[in-house]
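Computed from a predicted structure; not experimentally measured. The first residue of the sequence shown is numbered 1, and numbering continues consecutively from there.
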Amino acid sequence: MVAALAVPALLGFIAVYALSKKIDVFDALTDGARDGLHVMIKIFPALVALLTGVSMLRASGALEAFSALCAPLLSAVGIPPETVPLMLIRPLSGSGALAVGSELIGQYGPDSTVGRTAAVMLGSTETTFYVIAVYFGAVGIKKTRYAIPAALCADLAGFVAAALTVRLLFR
């Protein structure tokens, strides 16, 4: 009941507050909508390229080939090799990673090591390239310097920590 009233109450509070400050609420709303559309127009090409690339990787079979190549190294570190597609997609696309994670959980089961590791990986890592494309694109930053390498290192640490955590907690 409280949650259902939270958004209307918040909008009402904002409108009353703006009126008390003598701000034209309708003009402020349309200015915000216009700014939102400008941001969407700026980030849309990057999103289209990102989603197209992910689809091409999956459809071509390159993702599965790379998974097979990396499997021995990842097994030595303790990461289930079945999670390689998730580790490759996660920095690119959240929805793609969720689809891969759902497939892994459906195939191996939610109580399996692979399913648990995939779930923890989804929750403990970020869609690095999506975030950089959206947020850096929104503010006009073209040279990301160390942001991408640092974010990818953080993703790798998240993947290793997820596998380690699952192994420690569920054995």
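One hydrophobic cluster holds both M121 and L156 under the rule that ILVMFWY side chains link at heavy-atom gaps under 4.5 Å. Cluster annotation: I23 and Y17 are assigned to distinct hydrophobic clusters (Ile/Leu/Val/Met/Phe/Trp/Tyr, side-chain heavy-atom contacts under 4.5 Å, transitive). Hydrophobic cluster membership differs between L104 and L164, with clusters built from Ile, Leu, Val, Met, Phe, Trp and Tyr side chains linked at under 4.5 angstrom. Criterion: ILVMFWY side-chain heavy atoms under 4.5 Å apart, direct or through other members. Under it, V120 and L169 are part of a common hydrophobic cluster. Put simply, V84 and V166 are part of two different groups of oily side chains (I, L, V, M, F, W, Y) that touch within less than 4.5 Å, one to the next.
Here the straight-line distance linking atom CD1 of I148 with atom CZ of F129 works out to 5.0 Å at 0.5 Å rounding. Taken to the nearest 0.5 Å, the OG1 atom of T125 stands 7.0 Å off from the CG atom of L86. The distance from atom CG of L19 to atom CG of D24, rounded to the nearest 0.5 Å, is 8.5 Å. Considering CZ of F159 and CG of L152, their distance stands at 9.0 Å, rounded to 0.5 Å. Rounded to the nearest 0.5 angstrom, R116 CZ and F170 CZ are separated by 4.5 Å. Annotation: the span from I105 atom CD1 to T117 atom OG1 amounts to 10.0 Å, rounded to 0.5 Å.
Test T83, D155, L122 against R90 for side-chain contact (heavy atoms from CB on, under 4.5 Å) and you get one pass: L122.
Of all the heavy atoms in I89 and A97, the pair that sits closest is CG2-N, 3.3 Å. Closest of all the heavy-atom pairs between G158 and S124 is O-OG, 3.7 Å.
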